[in-house]
Undergrad: 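Structure below; questions to follow.
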Number of protein chains: 2
Amino acid sequence: MALKHTILAFLSRQPLSGYDVAKEFAEGFGSCFWKASQQQVYAELTKLEQQGKVTYEAIPQPGRLDKKIYSITEQGQQELLDWLTKPCEPSAIREDLGVMGLAGHLVSSEVVIREIERRRQLHLEMVQQVKNLDEHFAKHLDSLELKDLYMHLIIRRGIRYQEEWVAWCDEALGAIAQAVKQ
Amino acid sequence: MALKHTILAFLSRQPLSGYDVAKEFAEGFGSCFWKASQQQVYAELTKLEQQGKVTYEAIPQPGRLDKKIYSITEQGQQELLDWLTKPCEPSAIREDLGVMGLAGHLVSSEVVIREIERRRQLHLEMVQQVKNLDEHFAKHLDSLELKDLYMHLIIRRGIRYQEEWVAWCDEALGAIAQAVKQ
DNA sequence: TTCTTGTATTCAAAAACTTGAATACAAAAA
DNA sequence: TTTTTGTATTCAAGTTTTTGAATACAAGAA
């Protein structure tokens, strides 16, 4: 389970509120690598706080619940370090679209084609979106410190992932078009 | 949730026992697209049976529990068809390795390099494994009926996915080597 | 002025998934 | 002969994730 460690990793870069962490998952890192809902983030932060891996400074907000700024503790840093040092396993793909490969012949080829075209468009948009995250790093590629290089490379993984999807969609659409024509 | 529909899709191709379905997830389709544990499969089949989407023929086995051969019902076929016709969303990546991009600088570059080299090797092996699934289809590429073409294309997605990982590992290792040298 | 969007947290229930185990026999390998 | 591997199903507990909602105020847009 990497949610815990992803949150610790965010906090190792800078203190953040639960809201900010959730936003990272929704927009920044998460948009290309790991998504988590707000509720999940808040629940995990509470658990991490109870375990002493993070602490928070409560900032009173007039008329509503305190805003909590979380930081990583010594213990949390250690947990993260241990985890980073251990090898991690690749995860499975888990794509709904895969079912088309098993049972696509049950629907008309138009449905399959439409779906792949839709996917192509979505991934094309994702390419741009993830490239935007990389903009700053891509500009100073030769003078990146290691911290930023790693970030760049992981974003590159996201970019390549989305580009690869587009390329596969093209391959698939071409093959289906040819097969249907015959 | 596509587990349900993936199982229905398997059964739309041929009747299978729970054990066989689990094997598909572990070896065939699952090795490149969706993994599910045996327990998950058995639980899901029980649920689908209660909902009338699959039925089973119990085959008595002397001295042990009946073997159940599941087939899809009319209702199950309809459910699958409806689902296939609806657009499906891309899923998030969810890779533990992503955390390296956020906090890799906390460990030595050797650790990062070792981890990426390890991943490269794993994905290289996966390329071969998935290519083996495609062997039959790749051979008769020009005479594939639609059913098999779809299967081929989805396996191609798996191959490309694994190849893309290898390519990214190379890119990353090159970039890190250069940065460390300086 | 009202509506929407953004900031900020929390609760609760359900669904999905993981982990670990028990049972039982056949067949092949050591 | 004993062990391992493969076939075949089920139970139970725990963790993770999803879904849906409530609360509350500020700021900007319509």
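Below, all heavy atoms of this structure are taken into account, side chains as well, without hydrogens, waters or symmetry copies. In what follows, chains carry the letters A, B, and so on, assigned in the order in which the sequence lines appear, proteins first and then strands, with residues in each chain numbered from 1. Computed from a predicted model, the values in this text were never measured in an experiment.
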Undergrad: According to salt bridge (charged side-chain N to carboxylate O under 4.0 Å, His left out), does anything in residues 87-103 of chain A pair up with another residue at least two apart or in another chain? List the pairs.
TA: A:E89-B:R118, A:E95-A:R119

Undergrad: The criterion is side chain to side chain contact (heavy atoms under 4.5 Å, CB included); which residues satisfy it with B:Q121, sequence neighbours excluded?
TA: B:L124, B:E125

Undergrad: Going by the ring pair (Phe, Tyr, Trp, His ring centres under 6.0 Å) test, which pairs reach into residues 64-101 of chain B, not counting sequence neighbours?
TA: B:H5-B:W83, B:Y56-B:Y70

Undergrad: Please write out which residues are connected to A:I59 in a hydrophobic cluster, directly or through intermediates, given that two of Ile, Leu, Val, Met, Phe, Trp, Tyr count as joined at side-chain heavy-atom separations below 4.5 angstrom.
TA: A:I69

Undergrad: Could you list by number each residue of residues 8-26 of chain A showing a heavy-atom separation from DNA chain D of less than 4.0 Å, or answer none if no residue does?
TA: none

Undergrad: What string of B, S and - do you get for nucleotides 10-17 of chain C, 5' to 3', if B is base contact, S is sugar-phosphate-only contact and - is no contact with any protein heavy atom under 4.0 Å?
TA: BB----SS

Undergrad: Calculate the interatomic distance between B:K35 atom NZ and C:dT18 atom P; express it in whole Å.
TA: 11 Å

Undergrad: Mind checking side chain to side chain contact (heavy atoms under 4.5 Å, CB included) for B:A103 and listing every partner two or more places apart, or none if nothing turns up?
TA: A:A9, A:S12, A:L80, A:L84, B:L106

Undergrad: Is it the case that the side chains of B:D82 and B:T85 hold a donor-acceptor pair, with the cut-off being a distance below 3.5 Å and no angle test?
TA: no

Undergrad: By side chain to side chain contact (heavy atoms under 4.5 Å, CB included), which residues pair with A:K35, not counting sequence neighbours?
TA: A:S31, B:A92

Undergrad: Output the rounded distance in Å from NZ (A:K4) to P (D:dG14).
TA: 17 Å

Undergrad: Could I get the full list of side chain to side chain contact (heavy atoms under 4.5 Å, CB included) partners for A:Q39, not counting sequence neighbours?
TA: A:S37

Undergrad: Nearest whole Å is fine: how far is C:dT23 C1' from B:K67 NZ?
TA: 18 Å

Undergrad: Going by the ring pair (Phe, Tyr, Trp, His ring centres under 6.0 Å) test, which pairs reach into residues 92-125 of chain B, not counting sequence neighbours?
TA: B:H123-B:W165

Undergrad: So what is the end-to-end bend of the helix from C:dT1-D:dA30 to C:dA30-D:dT1, with 5 pairs used at each end and the value given to 10 degrees?
TA: 30°

Undergrad: Tell me every residue that passes side-chain hydrogen bond (donor to acceptor under 3.5 Å, both in side chains) with B:S108, counting only those two or more places apart in sequence or in another chain.
TA: B:E110

